[in-house]
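Input: a single structure, listed below in structure tokens.
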Amino acid sequence: MLAYFSVFAIFHTSVLAARIWNNTGVGTIIFEEAWTPPVLASTVGKQTPPVGQTSEQLAENLLDVHNQRLAGMDANGVDFMVLSCTSPCIQGISDPVVAAATAKQANDELAATIANNTLRFGGFAALAMHDPVEAAKELKRTVEELGFLGALVNDYQQTNDSSMIKFYDTAEFDPFWQVVTDLDVPVYFHPRSNIPLLSNLEFGHSSFLRGSSQEFAATLSTHVMGLSTNGVFDRFPTLKIIVGHMGERIPSDFSRINDQLARQVVNGMPMQKKLSDYWRTNIFETTSGNFGTDLLKFHIGQIGLDRILYSVDYPFVTIEQGTEFINTLAETTGLGEEDIVALKRGAAIKLLKLDQ
Ligand SMILES: *[C@@H]1O[C@H](CO)[C@@H](O)[C@H](O)[C@H]1NC(C)=O
Ligand SMILES: *[C@@H]1O[C@H](CO)[C@@H](O)[C@H](O)[C@H]1NC(C)=O
Ligand SMILES: *[C@@H]1O[C@H](CO)[C@@H](O)[C@H](O)[C@H]1NC(C)=O
């Protein structure tokens with residue numbers, strides 16, 4: 001009897017999980033793509049638009065799903081887009097109670113918004129990261145009840161104590177990582193603007209460097225490297241993390257990082273392997289907003305093509321820029337057709353389990 005029920009349970013689950021999406025066999029899949037949920041519309045500040053656009057246009061593009069965004073996908077051969085709440089989203093909400101309630105509302109709004117077109121759109125959960133156990137519960141709800149494909153966190157969680165921010169590489173977050181690995185979904189680490197205390201000290205002298213030219217990669221790479229050095233991947237060997245913008249520069253600097261971290265072993269660093277090793281087992285990177293072809297070739301050597309996936313970073317980057325990159329990859333990199341297909345969709349189908 002027991003055997004009968006467990007076989008039935010497996011069958012039943014896989015039927016429920018079967019996803020129908022617009023699989024043309026050739027189109028791209030992109031998943032660092034920002035959206036402003038209505039609950040946060042009044043709080044999203046003025047952001048720097050792509051050259052040639054106004055910040056009002058950017059704000060409109062962030063709110064839109066079914067109009068210019070979908071038209072851009074059609075015009076550029078994008079089969080499927082995974083939406084996530086635009087940075088800093090919940091990580092910018094200091095009050096833990098407000099943050100948890102807003103995350104839930106943003107996730108419900110995302111699910112409702114894409115409900116009539118799940119052929120083209122999927123979702124990543126927004127999570128309040130004040131409390132790891134509550135964050136895990138909300139992730140589980142969004143995956144199991146709303147069909148979300150994972151979560152996207154916008155770097156660290158600011159708190160109601162302006163001298164404290166939370167990183168997810170401490171043992172306190174183990175209950176969260178346990179649920180993430182049980183659910184077997186990826187968590188995307190996306191950058192955020194720093195809290196004023198940090199930002200003014202570091203970037204007050206040259207505010208041009210705030211945001212995506214320097215501030216984002218500098219802060220987020222520290223967080224992602226903290227996951228490794230603090231032993232999160234050793235405790236959760238099947239954990240899958242995604243890092244955009246060609247890995248926030250980390251794989252470009254493995255020689256020095258590995259060399260210098262070897263000196264920290266005597267200081268009790270819990271990391272069991274070389275930092276670069278986790279980029280072949282736990283960490284994936286996307287090309288979002290970073291279409292450097294020489295860099296891509298270099299990173300293929302560093303981490304392997306199977307760890308690199310296409311994404312755009314719409315609407316901060318235009319889908320056309322991504323299309324230009326994808327369509328010229330054969331000439332610019334010498335990659336063969338099979339490799340290009342893996343980069344633009346194959347690896348994403350596997351990682352996001354779109355074929356299950
Ligand atoms: C599927 O995606 C392609 C772009 O790759 C688009 O042109 C086509 O209209 C889409 N089909 C549906 C049914 O949405
Ligand atoms: C889904 O609903 C939105 C909002 O009502 C609408 O603009 C869009 O055309 C709908 N899409 C589909 C595929 O029905
Ligand atoms: C700050 O958040 C903590 C929970 O993380 C709560 O116990 C405390 O009351 C909050 N303080 C203020 C001033 O809101």
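All values below come from the heavy atoms of this structure, side chains included, with hydrogens, waters and symmetry mates left out. Indexing begins at 1, ligand by ligand and atom by atom, following the structure's order. Quick caveat: nothing in here was measured; it's all calculated off a predicted structure.
Using a cutoff of 4.0 Å between basic side-chain nitrogens and carboxylate oxygens, D108 and R141 are scored as salt-bridged. The residues D184 and K353 are annotated as salt-bridged, a charged nitrogen and a carboxylate oxygen being separated by less than 4.0 angstrom.
Considering backbone and side-chain N/O of N116, one or more are found under 3.5 Å from N/O of ligand 2.
The side-chain tip of R307 points at the ring of F284 from less than 6.0 angstrom away and within 45° of straight on.
Taking the ring centroids of H190 and F216, they lie at or beyond the 6.0 Å cut-off.
Residue K297 qualifies as enclosed at atom NZ: its count of foreign heavy atoms under 6.0 Å is above 12.
Rounded to the nearest 0.5 Å, atoms CG (L275) and OH (Y278) are 8.0 Å apart.
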Short N or O contacts of ligand 1 with protein, under 3.5 Å, listed by atom name?
unit_1	atom_1	unit_2	atom_2	d
ligand 1	2 (O)	N22	ND2	2.2
ligand 1	2 (O)	R120	NH2	3.4
ligand 1	5 (O)	D79	OD1	2.7
ligand 1	11 (N)	N22	OD1	3.1
ligand 1	11 (N)	N22	ND2	3.2
ligand 1	14 (O)	R120	NH1	3.0

